[in-house]
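The analysis underlying the following values was restricted to heavy atoms, covering all of them including side chains, and did not include hydrogens, waters or symmetry mates. Within every chain, numbering begins at 1; the chains are lettered A, B, ... in the order of the sequence lines, protein sequences first and strands thereafter. Here the structure is a predicted model, which is why all the values come from computation and not from measurement.
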Number of protein chains: 2
Amino acid sequence: MIQVAETVFAERGYTAASMDEIAERVGVSKPMLYEYFHSKEGLLLACIREARAELRRVTEQAVAGSPTGEEALRQGLRAFFGFIRDRKQSWLLVRHEASLVGTASEELEATRQQQTDLIATLMGDFTDPETARFAEESGLLQAAAEFVVGGCERLAIWSEQREDLTPDVVAEYAVNLLWGGLAQISGR
Amino acid sequence: MIQVAETVFAERGYTAASMDEIAERVGVSKPMLYEYFHSKEGLLLACIREARAELRRVTEQAVAGSPTGEEALRQGLRAFFGFIRDRKQSWLLVRHEASLVGTASEELEATRQQQTDLIATLMGDFTDPETARFAEESGLLQAAAEFVVGGCERLAIWSEQREDLTPDVVAEYAVNLLWGGLAQISGR
DNA sequence: GAAGTAACCTACTTCGAGTAAGGTGGACTC
DNA sequence: GAGTCCACCTTACTCGAAGTAGGTTACTTC
């Protein structure tokens, strides 16, 4: 049911997707959708929730057991870019959640926060204690995590159009950028 | 007219905003809106176009005349974060354009591309020629630019909720992250 | 002053989100 | 075994908003 809805939303876009069509393709009548999901936005939320959970599961699994922070980062990113390649529909929903859902949902906000926190923790882990404490207090660590998430999302969108790049290559790009910064590609 | 529409879209969200309301607040009748903008989506597009142009103008002006690439980056980011602080409404539209506009507009896509290219050029400028050539051919330079844009957008969203941070501080965070990468906050 | 036209409005149609009220089949009571 | 209840599902509606048809005003041009 959620799967069908996800497909229709991805195909048509949120506004253009009609509950009638979803209901028909599910093989059920419209009031049923409203029974279960309360509203069109509710249905969308359910889809996003599902997609987000899946993404989270995949990345956490990938990260688990990595010996070093850098390795964890690499594995996590590989999983992330892989997910995007394999599950375009789900990714579309996750990517657009903020604008699709009119009323900001605390729940979704919280889930997103978890994602960022995971990154922040990873980064904190391979940072020396003193620096980490400073970074955390000043908000720099949070900022860095946000930056990483945003950068990777954009990178993912970009890589969608480059069929020649495998998720692993993209992940490698990201790790390099992240780790070394621009200084490394600068001559100085 | 576009300004009013922008306000309403920002207040209510795209779906919830009604053409009737916009028309009324503009002080004109609905068919007029359709005369000028063809459709609701057309009106939205016009708003986004306007906002994007403004953002571009501001950043390009800020970048112009910087002696070094790093300085240009800093100035550009300051302008960017400043814009977001001052013109929340416009920023909301730009930020959500992809999901709001169902039919991908080549024109908007092109504008976004220009933004990324500007960054890519900046980065190419302060990179030694050999590295730059490699980076460009492999797509790394493009990837880096996309990464920067995405990271900064996310950072901007994050900084909205931190009233204590001025745009300049956020810009400084971004420059540091960009330039030095994570290696610098790592102990190694 | 008549013809034409640009700018605008009122009053519709249409379509889709959301709902009310009713039907069907199985389980449970006596 | 008949009656009653209840979960589940449907048809058939309301209502609001996008988009449009056709008329009206006022101003220009000859």
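Closest of all the heavy-atom pairs between B:Phe81 and B:Cys152 is CE2-O, 3.6 Å. Closest approach of B:Leu141 to B:Ala120, counting heavy atoms only: CD2-O, 3.9 Å. Closest non-hydrogen pair, A:Lys40 versus A:Tyr34, comes out as N-CE2, 4.2 Å.
No engagement by B:Ala16 is indicated, since no non-hydrogen atom pair under 4.0 Å with the nucleic acid exists. If you check every strand for non-hydrogen atoms under 4.0 Å, B:Met19 touches sugar and phosphate atoms only. Heavy atoms of A:Ala23 sit nowhere under 4.0 angstrom from any nucleic acid atom.
Regarding contacts with the backbone of C:dG16, every side-chain N or O of A:Tyr14 stays at 4.0 angstrom or more from both OP1 and OP2.
Each of D:dG19, D:dC9, C:dC8 was ranked by its minimum atom distance to the side chain of B:Tyr36; first place goes to C:dC8. Considering only the side chain of A:Ser29, D:dT10 comes nearest among D:dT10, D:dA17, C:dA17. Checked against D:dA17, C:dA17, D:dT11, the side chain of A:Lys30 finds its nearest nucleotide in C:dA17. If you check D:dA18, C:dA20, C:dA17 against the side chain of A:Pro31, the one that comes closest is C:dA20. When distances are taken from the side chain of B:Asp20 to each of C:dA17, D:dA17, C:dC9, the shortest belongs to D:dA17. With C:dG16, C:dC9, D:dA18 as the candidates, the nucleotide lying closest to the side chain of B:Met32 is C:dC9.
If you measure from atom CZ of A:Arg12 to atom P of C:dG16, you get 10 Å, rounded to the nearest angstrom. In this structure, B:Phe37 atom CZ and D:dT20 atom P are separated by 16 Å, rounded to whole Å. Protein atom CD of B:Glu35 is 13 Å distant from nucleotide atom C1' of C:dT5, rounded to whole Å. With rounding to whole Å, A:His38 atom NE2 is found 8 Å from C:dG18 atom P. Straight-line distance from the CD atom of B:Glu24 to the P atom of D:dA17: 12 Å, rounded to whole Å. The separation between B:Leu33 atom CG and C:dC8 atom C1' is 12 Å, rounded to whole Å. If you measure from atom OH of A:Tyr34 to atom C1' of D:dT11, you get 16 Å, rounded to the nearest angstrom. Taking atom CD of B:Glu21 as the reference point, atom C1' of D:dG19 lies 18 Å away to the nearest angstrom.
Residues A:Leu55 and A:Leu118 do not share a hydrophobic cluster, clusters being chains of Ile/Leu/Val/Met/Phe/Trp/Tyr side chains in contact below 4.5 Å.
For B:Phe80 and B:Trp91, the gap between ring centers is short of 6.0 Å.
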